[in-house]
Amino acid sequence: MRQLLATISVITLALAAPAAQAEPIKIKFSHVVAEQTPKGQGALMFKKLAEERLPGKVVVEVYPNSSLFGDAKEMEALALGDVQLIAPSLSKFDKYTKKLQVFDLPFLFDDIDAVDRFQHSKAGRDLLDVIASKGYKGLAYWHNGMKQLSANKPLRVPKDAEGLKFRIQQSDVLLAQFKAMNANPQKMAFAEVYQALQTGTVDGQENTWSNIYSQKFHEVQKYISETNHGVIDYMLVTNTKFWEGLPKDIRATLDEVVKEVTAHTNKVANDYNERDKQRIIESGKSEILKLKKEELAQWRKAMEPVYKQFESQIGKDLIEAAKASNKQS
Ligand code: LMR
């Protein structure tokens with residue numbers, strides 16, 4: 001009898017106990033820029049929406065400013081499962097594919113709207129799958145903006161850049177772009193740029209207004225030429241096995257969140273860059289040089305050989321598809 005009562009009470013207790021709470025899925029999102037940038041804000045919005053819509057099921061940790069992984073390590077960390085989301089600049093995939101280097105071709109896109117149209121085209125969307133065979137899943141493109149050129153001397157025409165050392169991202173197209181101007185490009189992680197500019201390891205760099213302002217490059221560069229000669233945009237990337245291994249309902253919600261965050265980020269990226277351009281002007285620390293049409297034409301011409309050099313690697317069709325995105329503007 002005693003035995004029976006004990007068994008009954010164990011069963012009753014087991015039934016009354018709440019179902020064991022499953023641990024929430026942890027998503028680490030690592031990136032290299034400051035929080036007050038399009039990508040920085042996009043990452044925070046992803047965290048907010050994901051946690052709001054999947055309470056207790058998903059926790060997102062955002063690591064900005066290369067605080068978890070810098071440029072050199074983030075792709076590897078994603079492959080190893082040490083991080084689940086990253087959004088490297090499209091210039092940083094050249095170890096994995098040459099196709100994405102289309103985005104680095106100088107003066108290819110007239111503005112960020114043209115970039116957006118290309119990314120929405122079939123050719124652009126297909127590129128999200130270009131590193132699928134390596135276990136990476138491209139979820140979306142996020143905008144930053146157009147690049148400007150900075151140095152401690154005024155750069156009005158390509159000749160002014162001759163012999164100067166420029167920091168570049170990890171991209172052979174960008175290497176060729178600066179070589180075409182007889183300058184000395186140096187590949188360098190984003191986290192090292194401020195110090196390299198400050199100590200004179202390099203003389204100049206190219207970047208968007210939001211990166212220049214948030215990294216304080218304008219405090220160590222006397223001039224910024226408004227060239228809009230290229231683009232810095234991102235691919236939001238995850239590990240295919242991780243993403244596809246998520247419970248179906250969770251993945252569907254996260255896919256929806258990615259869509260919303262992407263739409264918002266891409267809508268406001270331009271405003272961030274305009275805001276930061278104004279802040280640089282107001283700081284009085286760096287002079288912004290507006291270039292004349294003829295001067296811009298000289299940069300365009302000087303960088304032209306890069307197209308021939310990379311045409312076969314990137315693909316003529318892809319370059320043409322990207323060019324076509326300008327026509328509607
Ligand atoms: C850079 O390295 O200059 C940029 O790609 C940084 C970034 O992520 O915007």
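Each ligand, and each atom within it, is numbered from 1 in the order the structure gives.
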J.: Between Lys92 and ligand 1, which residue portion shows a heavy-atom distance shorter than 4.0 Å: side chain, backbone, both, or neither?
T.: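 The part of Lys92 near ligand 1 is the side chain, not the backbone.
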J.: With a 4.0 Å cut-off on heavy atoms, is Glu206 touching ligand 1?
T.: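 Contact check Glu206 vs ligand 1: negative.
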J.: Donor-acceptor pair, Ser210 side chain versus Thr37 backbone, under 3.5 Å?
T.: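 No, because the side chain of Ser210 does not come within donor-acceptor range (under 3.5 Å) of the backbone of Thr37.
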J.: I'd like to know if Asp203 and Arg167 make a salt bridge, using a cut-off of under 4.0 Å between side-chain N and carboxylate O.
T.: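 Not counted as a salt bridge, because no side-chain N and carboxylate O are separated by less than 4.0 Å.
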J.: Can you list the ligand 1 atoms lying under 4.0 Å from a non-hydrogen atom of Lys39?
T.: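 The atoms of ligand 1 under 4.0 Å from a heavy atom of Lys39 are 7 (C), 8 (O).
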J.: Among all protein non-hydrogen atoms, which one is nearest to atom 9 (O) of ligand 1, and what is the separation to 0.1 Å?
T.: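 Looking only at protein heavy atoms, the one closest to atom 9 (O) of ligand 1 is Tyr234 OH, 2.5 Å.
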J.: Checking Glu226 side chain against Lys290 main chain: does a donor-acceptor pair fall under 3.5 Å?
T.: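 Here the side-chain-to-backbone pair does not exist.
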J.: At a non-hydrogen distance cut-off of under 4.0 Å, which region of Asn211 contacts ligand 1 (side chain, backbone, both, or neither)?
T.: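 Just the side chain.
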J.: Pick one of side chain, backbone, both or neither for how Asn207 approaches ligand 1, counting any non-hydrogen atom pair under 4.0 Å.
T.: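 The answer is the side chain.
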J.: Within a distance under 4.0 Å of any heavy atom of Ser89, pick out the atoms of ligand 1 and give their elements.
T.: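 Contacts of ligand 1 toward Ser89, numbered from 1: 5 (O).
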J.: Please write down residue, atom name and distance for the protein heavy atom closest to atom 5 (O) of ligand 1.
T.: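 Protein heavy atom with the smallest distance to atom 5 (O) of ligand 1: Gln169 OE1, 2.6 Å.
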J.: Centre of Tyr234's six-membered ring, under 6.0 Å away, within 45 degrees of the axis: is that where NZ or CZ of Lys39 sits?
T.: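 Ring-cation test returns yes.
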J.: Judged by atom type as modelled, is there a donor-acceptor pair below 3.5 Å linking the side chain of Asn326 to the main-chain atoms of Leu108?
T.: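 Between the backbone of Leu108 and the side chain of Asn326 there is a qualifying donor-acceptor contact (under 3.5 Å).
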J.: Just go through Glu74, Arg167, Lys187, Gln205 and tell me whose heavy atom is the nearest to atom 3 (O) of ligand 1.
T.: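 Considering heavy atoms of Glu74, Arg167, Lys187, Gln205, the nearest to atom 3 (O) of ligand 1 sits in Arg167.
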J.: Do the side chain of Thr238 and the main chain of Gln84 share a donor and acceptor less than 3.5 angstrom apart?
T.: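 Side chain of Thr238 to backbone of Gln84: a pair is present.
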J.: Determine whether more than 12 heavy atoms belonging to other residues, nucleotides or ligands lie under 6.0 Å from atom CD of Gln195.
T.: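 Open.
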